[in-house]
Structures are given as structure tokens and as C-alpha cells.
Amino acid sequence: MPELPEVETYRRFIDEVAVGQTITGLDVFDKHVLAVPEDELRAALLGRTIAGTGRLGKNCFLELDNGRLLVLHFGMTGDIGAYRDAPDAPRFTRVAWQLADSGLNLAFIDPRKFGRIRLADSVEAYQKAKKLGPDALQITPAELHQKLSRRKVLVKPLLLDQGLTAGLGNWIVDEVLFQASIHPERLGNSLSEQETTALHAAIQQVLTTAIQHEANYRHFPKEFLIHAREWDDSATPGSDAHTFCPRHAAVKIAKSYVGGRATYTCPVCQPAPA
DNA sequence: CGTAATGTTCACCT
DNA sequence: GAGGTGAACATTAC
């Protein structure tokens, strides 16, 4: 799940559950998701109070009272949760933090274990170390245009590149390109300023809409392409209406692979480059 | 049983 | 260096 809107939703959850709380315990059920030695993590966290939260792209920050950061990246299947008693720990909880005041445990849940937990000295240091570009909600139209226009690369992989802008994932890139009527195989340097402007507006619109719906894709507006993705089949068995373009009732959404990733497009809305 | 999967990274090739 | 391709990671769910 975790693209920018999910991570923002997790951040808000952590903000409500954990800010102001002191960390009194760390449970590591599977150290595979730790990118720092467990001892170091324990020493850095125990007794510290969570002063606030932050987010950059798909990375979530818990700001400690000494200025350091606990950084959560959720990989492909990560999630966040809370529980009071050990038997109630969500399935696939890999790490949990005991919060003194509420008695709750904050859970890092990750079935596939591609997520990672690390420490950082500051957002800037982390951003530099991981070579992350500006957050997808912060990048300006001019910046986006400049970055795209310098590269002779397919626009879809470009938008997925966290160094160009941070936070866009596979589903959202497809949605954004559909909303902006741009084919994913257009080259970055082939986009007009007008197209980049439309792209920027689509990024803003899709992300803010997704966040409003707490990243629950099934609640997205019906003019969103996302409903054409295969996973919606299981949500609405027997119906195939959703496999058509929201703007062209007779046009089937096409599935292909761009940059090695499953890609959905409307052949009419998004004409392939010559 | 086979297949695909929301992310990231690295090796290897042109 | 730039860009493309494919695999690997670990595991579930369909």
C-alpha cells in the first residue's frame, strides 16, 4: 500500500497515538526490518519522548526529544497499527514500541519485510544520504519541468524515481499520467511546458484526493483510473464495467509493462508517442 | 500449483 | 556517464 498518501495517513495516526509519549520498550519480533543494530536502536529510543512527526515522500519520521529521528520506510506491504496487549498484536507485526503514558504499543507491520527502520540525525541528512528529491506535494511546476526536460527517459520511470521527486509509486504515477493525458512512454524531454503544468496539477490533485480519503482507493472519485486496476476485480466480482476508461465508456483500459512495472492506460486519452 | 504484487537496489549490458 | 533490463529481496493472496 504505501505510497505517499498511505504514509501521510500513517503519519497522522502516529501523530495522534504517539506524540508526547515516552518510549519505554522496544520489541523486535523480526530484525530483518532493522537497518540499524538492535542495540543501537534500543539505546537511541528508550526513555526518549516523541516530540513530533514528519514525512518526506514515502518516509515517515518520528522526531525524538533530542532532535534525532526514527525513520520508517514501509516497503511494499508495510502498515502501522497499535495494540494494548501482546495477544492483540496485529499479524505480521515485526517491531513494536511501548508507549509509557497510554500503555499502547505502536506496531510496525510488514508481511513481506521490504520495509526498513533506521535512525537519522536530521531530515536533511537523511534526504541527502538517500538521495531523495523534493516531496511530491512540495515540488513546483517549474522545478518539475526543469527536471523532466533534462532527461531522455520514459516519463513513468522518471516519476517513480525518488531522486526526482519523492512519494510517487506505481499506482499513483499511472493515475497522474491518465489525469494529465500523458502516455507513460513519452520521454521526459518531449513534454511541453503546458503538459508539465498539467502533470503537476494532476500530482497535486491525485495526492490531495488520496489523502482526503485516507488512501482508501475504493473511495476515490469514479473518474479515477485506479478502479480499472485488477485488484478491483476481486472487490466487485462479476462486474467488468470498471475495466473501461472513466471518460470513454466503450474504450477498454490497456495493461502493459513500462520500465518493468505493470502499467494501465487509456489508449484514447493517452496517445502513444510516435 | 503458478503468478503477480503498492518499493528499492544492484548487477550487467549497450 | 546515461539509459535499459532483469533479478533479487520475502511472503501472501488469489
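Below, chain A is the first sequence line, B the second, and so on; all start at residue 1.
For the pair A:Lys113 and C:dC9, the criterion of a side-chain N or O lying under 4.0 Å from OP1 or OP2 is not met. For the pair A:Tyr10 and B:dT6, the criterion of a side-chain N or O lying under 4.0 Å from OP1 or OP2 is not met. Look at A:His73 and you won't find any side-chain N or O under 4.0 angstrom from OP1 or OP2 of B:dG7. In terms of phosphate contacts, A:Arg261 brings no side-chain nitrogen or oxygen within less than 4.0 Å of OP1 or OP2 of B:dA4.
Within the 4.0 angstrom heavy-atom criterion, no nucleotide atom of any strand lies near A:Gly260.
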N/O to N/O distances under 3.5 Å, protein versus nucleotides 9-14 of chain B:
from	atom 1	to	atom 2	distance (Å)
B:dT9	OP1	A:Lys130	NZ	3.1

* Structure fact -> Intra- and inter-strand pairing of DNA chain C, written as dot-bracket with Watson-Crick and G-U pairs under 3.5 Å and | for the latter, reads .||||||||.||||

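Here B:dT8 presents its P atom at 9 Å from OH of A:Tyr126, a figure rounded to the nearest Å. If you measure from atom CD1 of A:Ile172 to atom C1' of B:dT6, you get 9 Å, rounded to the nearest angstrom. Distance A:Tyr217 OH to B:dA5 C1': 13 Å, rounded to the nearest Å. Rounded to a whole Å, the CG atom of A:Asn59 is 11 Å from the C1' atom of B:dG7. Put simply, CZ on A:Phe114 is 15 Å from P on C:dA7, counting in whole angstrom units.
Pairs of residues two or more places apart, or lying in two chains, that qualify as side-chain hydrogen bond (donor to acceptor under 3.5 Å, both in side chains) and include a residue from residues 86-99 of chain A are A:Asp27-A:Gln98. Listed by first and then second residue, the salt bridge (charged side-chain N to carboxylate O under 4.0 Å, His left out) pairs involving residues 52-73 of chain A are A:Glu8-A:Arg55, A:Arg48-A:Asp65, A:Arg55-A:Asp135, A:Arg68-A:Asp121 (not counting sequence neighbours).
Counted by atom type alone, A:Gln270 and A:Tyr264 present zero donor-acceptor pairs between their side chains at under 3.5 Å.
Taking a 4.5 Å side-chain heavy-atom cut-off between Ile, Leu, Val, Met, Phe, Trp and Tyr, the cluster of A:Phe29 extends to A:Tyr83.
Shown for residues 150-163 of chain A: residues whose heavy atoms fall under 4.0 angstrom of DNA chain C, namely A:Arg151, A:Lys152, A:Val153.
Taking a cutoff of 4.0 Å between a charged side-chain nitrogen and a carboxylate oxygen, A:Lys147 and A:Asp161 do not qualify as a salt bridge.
Closest approach to the A:Asn170 side chain among B:dG7, B:dA4, C:dT11 is made by B:dG7 (side chain taken as heavy atoms from C-beta onward). In this structure, the nucleotide among B:dT6, C:dA13, C:dT11 sitting nearest to the side chain of A:Trp171 is B:dT6. Here C:dT12 is the nucleotide among B:dG7, B:dA5, C:dT12 with the atom lying nearest to any side-chain atom of A:Pro111. Picking from B:dT6, C:dC9, B:dT8 the nucleotide with the shortest atom distance to the side chain of A:Glu6 gives B:dT6.
In this structure, A:Glu214 places its CD atom where only 12 or fewer heavy-atom neighbours from other residues, nucleotides or ligands lie under 6.0 Å away.
A heavy-atom distance below 4.5 Å is found between the side chains of A:Gln204 and A:Leu137. The side-chain heavy atoms of A:Leu199 and A:Leu159, taken from C-beta on, include a pair separated by under 4.5 Å.
Distance noted for atom C1' between C:dG4 and B:dT6: 23 Å (whole Å).
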